[in-house]
Amino acid sequence: MTYSVSQNIMDALPKTRVCRRTGGFVRGSYRFRTSISAILATVLVAGNAAHAQNLDDFHDVIVEEKAAVREADVAFEVSPRQFDQWVFGGGQSAAQGRRHLDSLLALHVESIDRVCSLTDPQRAKLELAGRGDIKRFFDEVEDVRQEFMEVRRDQQKFNPIWQKISPLQLKLNSGMFQHDSLVYKVLQRTLESEQFARYEDHSLERLRFHHRANVAMVVAMLENGIPLRDEQRQSFIKLMLDETDPPRAYGQYGYYVVLYQASELPEEEVKPIFDEGQWRALRACFRRAKAMEPTLKKIKLIP
Amino acid sequence: MNQRIRLAVATAVLFVFPTVGFTQQAEREKKEPRAEIKEEDKEAKPQIHFPPGYEQAAAADERPAAAKAAAAEAVEDDGVEQNDVDVFAEKVEPNVANLENQFLPRMRPLLKAELSFVKRVCRPDRRQRQVIAGASERCLKVAVRKYAMGQVQLMGGRRGRPSALPVPNRLIQEELLKVIRGNLDPRQAERYEQEVAKRVASRQHAAVLGMVAKLDNALVLSHKQREQLCESLSKHWQEPWNQSWQMVMLNNQYLPQIPDKNIVPLLNERQRDVWRRARKQGHIYRGWFGNMGAGVLDDFDVELEVASEEAAAAGKNVDKEAIPADN
């Protein structure tokens with residue numbers, strides 16, 4: 001008896017029903033969990049609750065509670081706060097996200113200044129353009145948020161909204177002030193040609209560093225399944241650094257860009273590095289990388 | 001009514017739950033009495049305890065019966081003393097056994113890849129290959145046991161808790177190296193040791209580059225700062241940084257936890273301010289199993305090798321595609 005009642009309690013206790021693929025909490029369960037905490041606090045203070053119910057009554061009560069929880073679970077709902085966490089990540093609110101972007105803009109302008117020795121008017125124009133980029137981003141966020149608010153209680157219509165949140169994440173994480181930004185356009189128009197050449201060199205050097213990191217990490221990861229001799233490793237890394245281009249932006253897709261580009265290299269250049277068994281295993285990876293082509297094109301990481 | 005319900009739930013939580021724990025514990029102990037090390041056991045030779053899952057591991061050994069028999073014969077003198085695998089001396093806790101069941105199939109491809117690599121680097125003869133093949137299953141089980149125990153210690157908050165989980169393929173390499181040292185020519189063992197050391201160094205370098213790239217995204221570093229940070233992180237390398245690899249690779253929002261003393265002196269005022277406010281995440285223990293969908297090198301097959309050699313001697317072709325590397 002003790003066991004079965006307890007099982008019922010276990011079943012009735014907070015169920016954090018998580019939305020598939022997104023991890024959003026459902027409000028009904030959260031409310032129930034909060035109420036449990038409040039009750040516990042009350043009982044601890046009062047200290048006389050032990051004889052409130054006999055176990056038979058208690059069983060009926062638990063059945064009722066379970067039904068209530070099930071009813072709440074049926075109502076699909078994703079919290080508005082969850083939207084910000086998806087877009088800005090790391091549990092950040094929109095306000096925190098904005099502060100982060102303001103800091104990033106300041107760091108970015110400072111970095112350009114270090115390389116190009118900006119004049120005050122140039123600096124002011126860049127800061128203005130950067131604020132424009134941030135505003136443009138938040139306008140997009142608000143548009144998607146509106147759509148999110150309309151479907152956040154509708155599981156059927158909810159999945160497509162994820163397709164719109166994902167590009168916002170990508171934009172935020174791959175560098176807000178890259179080639180399609182207002183900052184870049186102002187740089188082209190405002191800097192002297194010699195300043196701009198220095199900026200381009202600096203940007204390219206930075207992208208190359210990220211590319212070098214991506215290549216090294218991809219090779220290390222591949223070696224979990226296909227260990228290489230040092231000589232092979234060095235040759236493969238050199239080939240990829242020499243024959244592939246840095247991606248147009250930073251971020252998680254950089255690894256897929258590396259693999260995709262490696263898969264596009266002429267076989268006669270890559271195959272001689274590996275022996276027959278290694279090459280067969282590597283081809284499986286290249287096939288998967290080629291399948292990423294439409295996605296990488298869609299997000300403009302490859303031409 | 002509502003108040004009554006809440007009161008009842010609270011009562012149950014306070015007074016019934018504790019008994020459930022004991023009831024379930026008692027029921028469990030009826031079925032599986034708690035493992036206690038008897039005095040005579042302590043004196044005896046360490047017993048190898050095979051937890052659930054090792055039977056499955058044996059079933060997963062798909063070598064032909066003849067190869068298994070040959071390997072079993074060869075492994076009788078594989079140069080590895082039982083004391084080397086003293087992780088088997090203690091009776092295993094149920095949570096360790098459960099983890100072993102999870103990790104055994106995930107670490108088996110790492111073993112296959114490593115054996116194939118040993119073949120390439122050490123070029124063992126037929127007898128040596130049989131010894132290595134025969135000992136490999138035990139190497140895997142020891143590596144899995146160590147990994148599972150490391151995980152339990154790490155999550156359990158025990159005294160002497162390790163700072164990081166061991167890297168799975170390094171555990172396998174260590175165990176294989178014992179077999180290689182005991183059975184192969186010292187020059188063969190040295191070649192393998194050197195290659196393993198270079199692979200470890202290469203992965204560490206890649207992890208440093210990856211972390212600095214993450215920091216560059218967040219702090220917009222100069223060229224000089226990037227180089228200085230690479231140097232600083234390499235010099236003050238911490239083993240837990242090996243754990244967060246997949247997060248560094250695949251999660252844009254992940255910023256690794258790095259001691260301030262290794263980074264702050266290299267930053268300017270504004271960068272320091274951003275670093276101070278940035279939300280850093282602790283080490284994420286994801287293990288080291290994935291390889292981005294690549295196939296697993298798996299051609300350490302003694303029987304197939306022998307068939308290939310014999311066929312070559314007879315002037316016939318052997319279907320090398322039969323070697324299952326492209327999975």
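Quick note on labels: first sequence line is chain A, next is B, and so on, each numbered from 1.
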* Asked: Taking C-beta and beyond as the side chain, do B:Arg203 and A:Glu223 meet within less than 4.5 Å on heavy atoms?
  -> no

* To do: Sort out for me which of A:Ser111, A:Ala289, A:Ala106 touches chain B most, counting heavy-atom pairs under 4.5 Å.
  => A:Ala106

* **For chain A, the option from B:Leu209, B:Asp273, B:Val196, B:Val121 that forms the most heavy-atom pairs under 4.5 Å** => B:Leu209

* Asked: Going from CD on A:Gln278 to OG on B:Ser116, what distance comes out if it is rounded to the nearest 0.5 angstrom?
  -> 9.0 Å

* To do: Look at the side chain of B:Glu195 and the backbone N and O of A:Asp230, then say whether any donor-acceptor pair between them is shorter than 3.5 Å.
  => yes

* Asked: How far apart are the closest heavy atoms of B:Leu297 and A:Ala281, and which atoms are they?
  -> N-CB, 4.4 Å

* Over 12 foreign heavy atoms within 6.0 Å of NZ, A:Lys238 -> no

* From A:Arg114 CZ over to B:Asn268 CG, what is the distance, rounded to the nearest 0.5 angstrom? -> 6.0 Å

* Asked: Say you draw a straight line from CG of B:Leu221 to CZ of A:Phe209; how long is it, rounded to the nearest 0.5 Å?
  -> 8.5 Å

* To do: Counting only heavy atoms closer than 4.5 Å, note whether B:Ala218 contacts chain A via side chain, backbone, both or neither.
  => backbone

* So, B:Arg270 and A:Glu110, do they make that salt bridge, N to O below 4.0 Å? -> yes

* Asked: Picking from A:Leu104, A:Asp275, A:Val219, which has the most non-hydrogen pairs under 4.5 angstrom with chain B?
  -> A:Asp275

* To do: Identify whether the distance between the nearest side-chain nitrogen and carboxylate oxygen of B:Glu227 and A:Arg212 falls below 4.0 Å.
  => yes

* Asked: Taking all atoms of both residues into account, what is the closest heavy-atom pair of B:Ala206 and A:Met217, and its distance?
  -> O-CG, 3.5 Å

* Structure fact -> Cut-off 4.5 Å, heavy atoms of chain B, and the answer for A:Ile237 is neither

* **Shortest non-hydrogen contact between A:Asn224 and B:Ala113, atoms and distance** => O-CB, 3.9 Å

* Asked: Tell me, do B:Phe117 and A:Ile226 make a side-chain contact under 4.5 Å, heavy atoms counted?
  -> no

* Please look at A:Arg233 and chain B and tell me whether the side chain, the backbone, both or neither of the residue comes under 4.5 angstrom of a heavy atom of that chain. => side chain

* Side chains of A:Glu205 and B:Arg226: closer than 4.5 Å at any heavy-atom pair? -> yes

* To do: Could you tell me whether the side chain of A:Arg206 reaches within less than 4.5 Å of the side chain of B:Val220, counting heavy atoms only?
  => yes

* Which bit of B:Val208 is near chain A, if near means a heavy-atom gap under 4.5 Å: side chain, backbone, both or neither? -> neither

* For atom CZ of B:Arg277, is the number of surrounding heavy atoms from other residues, nucleotides or ligands below 6.0 Å larger than 12? -> yes

* Asked: About how many Å separate NZ of B:Lys214 and NE2 of A:His210, when rounded to the nearest 0.5 Å?
  -> 9.5 Å

